Amino acid sequence: MAGREIKDVRSDVDALPQVLRRSVTSDNAWERKRALQACSQLLAACEELRRGDACKHFGSLVGLLAPLTCDPMPTSRQLAVTCLSSLLRMQGE
């Protein structure tokens, strides 16, 4: 990735807990799913870049994502688990 793209990923990760909070607590299942898809992609990019930026928000992100592992939508549950797995792998590095 180019330097600018890395900077963009970093600023996106910094804003992740604030941006996700409204969407993941929404009553709209589609909005929760879309937020989880975006989170999953962003965390995968951070993991690929071997950037631990998300780890400074580890507690906040786990607090937002963990309850979604019980979401009524199976896709949202799986995405929440994927996000948590990425966070745990980055935390372990």
Side-chain angles (χ1 to χ4, degrees):
M1 272 190 166
R4 178 183 167 101
E5 291 170 330
I6 291 171
K7 184 179 178 186
D8 291 343
V9 168
R10 180 180 215 164
S11 64
D12 289 345
V13 170
D14 288 342
L16 196 54
Q18 295 83 12
V19 171
L20 277 181
R21 188 170 315 280
R22 185 185 66 78
S23 296
V24 299
T25 59
S26 171
D27 290 334
N28 184 323
W30 182 86
E31 186 175 359
R32 287 193 311 271
K33 179 183 171 189
R34 294 297 296 161
L36 286 167
Q37 286 173 327
C39 180
S40 174
Q41 291 171 352
L42 184 58
L43 290 173
C46 287
E47 193 175 356
E48 184 178 311
L49 292 169
R50 302 240 187 258
R51 301 196 63 86
D53 301 274
C55 291
K56 71 179 178 180
H57 300 294
F58 182 79
S60 297
L61 289 170
V62 169
L64 284 172
L65 295 168
L68 294 170
T69 61
C70 299
D71 194 271
M73 276 184 75
T75 307
S76 292
R77 286 194 305 265
Q78 181 59 45
L79 286 166
V81 168
T82 299
C83 291
L84 288 169
S85 294
S86 289
L87 279 172
L88 289 170
R89 281 191 296 272
M90 285 189 287
Q91 184 74 2
E93 291 180 354

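All figures in this text were calculated on a predicted structure; none of them were measured in a lab.
- L84 and L61 fall within a single hydrophobic cluster, where Ile, Leu, Val, Met, Phe, Trp and Tyr side chains are chained together by heavy-atom contacts under 4.5 Å.
- Residues L87 and F58 share a closest heavy-atom pair of O-CE1, 3.9 Å.
- Take A44 and apply the side chain to side chain contact (heavy atoms under 4.5 Å, CB included) test, not counting sequence neighbours, and it matches no residue.
- R32 places no side-chain N or O within 3.5 Å of a backbone atom of V24 that could act as its donor or acceptor partner.
- Taking each heavy atom of C83 and C39 in turn, the nearest pair found is SG-SG, 3.5 Å.
- Hydrophobic clustering, with ILVMFWY side chains joined whenever heavy atoms are under 4.5 angstrom apart, keeps L79 apart from M73.
- Linking ILVMFWY side-chain heavy atoms closer than 4.5 Å, directly or via other members, places M90 and L65 in a single hydrophobic cluster.
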Exercise for the section: Could you please spell out the steps behind the side-chain contact (heavy atoms from CB on, under 4.5 Å) verdict for R77 and D71? Expected result: CA-CA 5 Å; R77 286 194 305 265; D71 194 271; 4.0 Å; yes
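- Sorted by first and then second residue, the pairs that involve residues 19-30 and meet salt bridge (charged side-chain N to carboxylate O under 4.0 Å, His left out), not counting sequence neighbours, are R22-E31.
- One hydrophobic cluster holds both V62 and L36 under the rule that ILVMFWY side chains link at heavy-atom gaps under 4.5 Å.
- For the side chain to side chain donor-acceptor pair (under 3.5 Å) condition, the pairs that include at least one residue of residues 36-45, sequence neighbours left out, are R34-Q37.
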